[in-house]
Amino acid sequence: MTSDSFQPIQGMSDLAVPEIHLWQRLEDTARDLLSRYAFREVRTPILERTDVFERSLGDTTDVVRKEMYSFEDRGGRNLTLRPEGTAGVIRYVAGQGQDAQEARLYYIGPMFRSERPQAGRRRQFHQLGVEAIGAPCPAADAEAIALQAHLLGAWGLDEFRMEVNTRGLPEDRARVADGLRDALKTKRAELCEDCHRRYEENPLRILDCKKTECRDVVAGLPPVTSFMSVEARDYLRDVLQILKRLEIPVTENPRLVRGLDYYVHTVWEVTHVGLGAQDALSGGGRYALTLGNKTVEGVGFAMGLERVIAALTGQGMDPKSLAERPDVWLVSQGASAFDENLVLMQTLRMRGVSCGMDLQGRSMKAQMRAANRADSRYVIIRGEHEMEEGTFQLKNMEDGVQEELDMPDLIQRLTPATDIAWPDSEEKK
RNA sequence: GUGGGUGUAGCUCAGUUGGUUAGAGCGCUAGGUUGUGGUCCUAGAAGUCGCGGGUUCAAGUCCCGUCACUCACCCCA
């Protein structure tokens, strides 16, 4: 039933079983790998002053103009739910002064954009972002790209494609726009309606228009780098050279465009074939961001985790298979066995054994069904007979083999790790 | 913000040209086996047919509105 009162608000999802297993695995492997690359986590607030985003993303970008969740708080301050992660991290770094000149930081968390949801696009979505602050040189860019490729590989992603381009220096931006307008002047009539608008507003965008008529026109254009300074071209060349030596497979794409205003020099994007219209798993680049009287330079990328998960499940990864199974399910017949099992369950858990039992005192058949549903490896059965004898039935749920054991043997069987010390005073009450 | 598609049990979906008490499969609960799951058989619980209005003797079915979901555009991860 789709009852409105049980539905999260538009474009926001509850992340729960079974997908949550995949989320947790992604986060675990990411944290592990990022620390191997000497990046440290930072958790900045989800809410920032609106101008933090306006100034860093550029107040002409769509993200700022029409996609932000902004509101006034009780003190009349203008606040915004973060639409991306870089701005907040830069705000943090800028406030740290000298100490953070060479910060290597990552974040994982929710971002908010008030767009119409579709496949691969939510209003609340999650990004893992990496920011290498300082070290404004090609090696830093190459390292970030290498890390990105490593991360995607560690997650088990197969068919992703990494494309690299440059935005050039800030002063190259106008030159590129002018150069493109000039080159397109005679062919304007052949462009689509949207691209007519883009010709004025942002000719760079024409380069990644999906319409065939525009693609034909774009194919005949000189590469954007030809409008840029020698410095910009050399920088890109160096980055690509290092990547080659690191054996990171990337494709140079002179038509790759990235939307946010803060990018300079290297930009890149990762796409995946199985994703539909929103096929970008990740985007990144070098940036220079000015906040207050301070400019922070860095290189980084952000990955859309929903999209990574969509790509992985599209590849056949089953979140259910990642669920942890309990070691033991305790089944009891009779009130005293039930009481003793409650105590045994607690003891087992204290010893590192994962276990569960039916707490409602239902029939044995129902308890066995529950054990099966929980996908438990073993079942411990205690009835009147076992209570009298002081024994336990241990049943292996995979092969159905069942044996009667006393407490020391039972403990032996359930604690594979020898370093778990079982007190021999483990008495039944 | 714009356009298309879809809303019937927890899930996936049937539902004839409007015509009695709205169906199936899976799942769930219980029984067949009063001490044993996963297979099988039987029974049961579970639906304001998204919501509101209209047409009609009669609406899950037709009309209008609305909400939600979904896909795409713009743009972006």
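All values below were derived from every heavy atom in this structure, side-chain atoms included, with hydrogens, water molecules and symmetry-related copies excluded. All values derive from a computational prediction rather than experimental measurement. Here is the naming used below: chain letters follow the sequence lines, and residue numbers restart at 1 for every chain.
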Does any N or O donor sit under 3.5 Å from an N or O acceptor when you compare the side chain of A:Gln402 with the base of B:U36?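 A donor-acceptor contact between them is present.
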Decide yes or no, distance alone: a donor-acceptor N/O pair under 3.5 angstrom between the base of B:G37 and the side-chain of A:Glu398.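 Answer no: no donor N or O sits under 3.5 Å from an acceptor.
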Determine all donor-acceptor pairs shorter than 3.5 Å in which one atom belongs to a side chain in residues 33-40 of chain A; sequence neighbours excluded.
residue : atom : partner  : partner atom : Å
A:Ser35 : OG   : A:Asp32  : O            : 3.2
A:Tyr37 : OH   : A:His150 : ND1          : 2.6

Tell me which pairs pass ring-ring contact (aromatic ring centres under 6.0 Å, His included) where either residue lies in residues 158-208 of chain A, with sequence neighbours left out.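 Found none.
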How would you list all residue pairs meeting ring-ring contact (aromatic ring centres under 6.0 Å, His included) that involve residues 260-280 of chain A, not counting sequence neighbours? A:Tyr235-A:His265, A:Tyr262-A:Tyr287
Heavy atoms under 4.0 Å is the rule here; annotate nucleotides 39-45 of chain B 5' to 3' with B where the base is hit, S where only the sugar-phosphate is, and - elsewhere. -------
Any residue meeting side chain to side chain donor-acceptor pair (under 3.5 Å) with A:Arg373, in chain and number order, not counting sequence neighbours: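 Result, side chain to side chain donor-acceptor pair (under 3.5 Å) vs A:Arg373: none returned.
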Which residues in residues 123-133 of chain A have a heavy atom closer than 4.0 Å to any atom of RNA chain B?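 A:Phe125, A:Gln127 - these, ordered by number, are the residues of the stretch whose heavy atoms sit under 4.0 Å from the strand.
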Could you check A:Arg362 against A:Ala277 and say which one's nearest nucleotide on RNA chain B is further toward the 5' end?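 Residue closer to the 5' terminus by nearest nucleotide: A:Arg362.
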Defining pairs by Watson-Crick or G-U wobble geometry with both distances under 3.5 Å, how would you list the stems of RNA chain B with at least three pairs each?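 Stems (3+ consecutive pairs) listed as B:1-7 with B:67-73, B:10-13 with B:23-26, B:28-32 with B:40-44, B:50-54 with B:62-66.
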Any pair with a residue in residues 322-334 of chain A that passes salt bridge (charged side-chain N to carboxylate O under 4.0 Å, His left out), sequence neighbours left out, goes on the list, sorted by first then second residue, please. A:Arg325-A:Asp375, A:Arg325-A:Glu398, A:Asp327-A:Arg377
Show each protein N/O and nucleotides 1-4 of chain B N/O combination with a separation under 3.5 Å, one pair to a line.
residue : atom : partner  : partner atom : Å
B:U2    : O4   : A:Arg116 : NH1          : 3.3
B:G3    : O6   : A:Arg116 : NH2          : 3.4

My understanding is that only residues two or more places apart in sequence, or in another chain, count here; which of them pass side chain to side chain contact (heavy atoms under 4.5 Å, CB included) with A:Leu47?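 In terms of side chain to side chain contact (heavy atoms under 4.5 Å, CB included), with neighbours along the sequence ignored, A:Leu47 is linked to A:Phe71, A:Leu79, A:Leu81.
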Would you mind listing every side chain to side chain donor-acceptor pair (under 3.5 Å) that reaches into residues 359-371 of chain A, with sequence neighbours excluded?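 Non-adjacent pairs meeting side chain to side chain donor-acceptor pair (under 3.5 Å): A:Asp358-A:Arg362.
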Can you run down the side chain to side chain donor-acceptor pair (under 3.5 Å) pairs that involve residues 296-310 of chain A, sequence neighbours left out, and say none if there aren't any? A:His126-A:Glu306
